[in-house]
> 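Have a look at this one.
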Amino acid sequence: MQHFDLTQLQWNSSIREQLLGQGLARLPHAMLLVGPPGVGKTAFSEQLATLLLCESITAEMTACGNCQACRWLDAGNHPDFRRVAPDGDDEAEEGVNEKAKKRGPGTIRIDQIRELESFVFVGSHRHGNRVVLVTEAEAMNGAAANSLLKILEEPPTNVYFILVSSRTKSLLPTIRSRCRVIAFGPPDAAAAAAWLASAGLEKQAERYLNLAGGAPMRVAQWKAQGQLAPLDAVVDSLLAPPSDPIALAARWDGLLKGDGQFRMEHLVEEVQRWLFDLAQERMTGVVRYHGGWPRPIGVQNLNPTSLLAAWREINQFRRSARHPLNQLLFLENLAAHFLRALRPATS
Ligand SMILES: [Zn+2]
């Protein structure tokens, strides 16, 4: 488990107080942590799990970090803890059959939930609590969600379910209604910058925080996944694009072939946000996402109607960005839409 000190996540302290203020005994047995990505839900859920299993909780209501339970959790082998996460990622899905592809990347399957049944209905190894942590709970397919629902309907004693989701719309409503829903939001700018500074990312804060929707841990994740350099390169390509869509597409194609996890869907999203900012800047003078970058010359000559039209049209690219039939053709088409939107209002 990654260990973030909960006390560093200041913006979550009211949630902590609300949940733990009356002691662990009053904690609900099924909790659903919701909110945008990168605001500390998973870190919080892991801390909560550790707290429920620690055998020597401190006076400040934190896990001791030294007991057998804490050591097992650190090593990832506590017998009374189960973590359920989507199986496989995009890469693992490459080359498998069409049916599996349609299922989409990262699904929580029914056999992963069935394995929980023997875990939750058999007694605890340590005569204490047992904890099931389900991250990206929305990734449960229908069968898996129904199977979990059955367990939640007859909750075994001393078993805690912590579900985490950034996309609750995809979550079965009956699952949601079985859980205490705990909503997380992004911190204010000062707290976010302070967290990034504590993670050694103070330089990144100004540039990327707005792009990350104000979610500091998302910036840290982008850094860890090697997404920041390609992101910078995309912004450079948008700031002073070549006039030829084929040349622009070739530049993007090169970026997508890099080592990091910067993918087509990130590129499409970034182009869309850039257009959004240009339109907003032209109409209101406000730059929502790219305030930390240099602004292009001649924004005042752009046509906001064309910018917004292109911004809308690019939605269709978002839908097929994960599996374009022909990557280069897809990029050329995207580049053509982008460049067309930049034609000055007077022409
Ligand atoms: Zn402990």
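Order of appearance sets the numbers: ligands from 1, and atoms from 1 within every ligand.
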> E313: which residues meet the side-chain hydrogen bond (donor to acceptor under 3.5 Å, both in side chains) condition with it, sequence neighbours left out?
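E313: side-chain hydrogen bond (donor to acceptor under 3.5 Å, both in side chains) contacts with H337.
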> Evaluate the side-chain proximity of R295 to H290: yes if any heavy-atom separation is below 4.5 Å, no if none is.
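SC-SC contact between H290 and R295 confirmed.
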> Partners of E154 by side chain to side chain contact (heavy atoms under 4.5 Å, CB included), sequence neighbours excluded?
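By the side chain to side chain contact (heavy atoms under 4.5 Å, CB included) rule, E154 matches no residue at all.
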> Is the number of heavy atoms from other residues, nucleotides or ligands within 6.0 Å of CZ (R71) greater than 12?
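Yes, CZ of R71 has more than 12 neighbouring heavy atoms, counting only those of other groups under 6.0 Å.
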> Which N, O or S atoms belonging to the protein are less than 2.8 Å from the Zn ion (ligand 1)?
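For the Zn ion (ligand 1), the protein N, O and S atoms that sit under 2.8 Å away are C54 SG, C64 SG, C67 SG, C70 SG.
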> For residues 146-153, please give each side-chain donor-acceptor pair under 3.5 Å, one per line with the distance, not counting sequence neighbours.
| residue | atom | partner | partner atom | Å |
| --- | --- | --- | --- | --- |
| N146 | ND2 | G142 | O | 3.1 |

> Examine the side chains of Q112 and D87 and answer whether a donor and an acceptor come within less than 3.5 Å of each other.
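Distance-only check fails for Q112 and D87.
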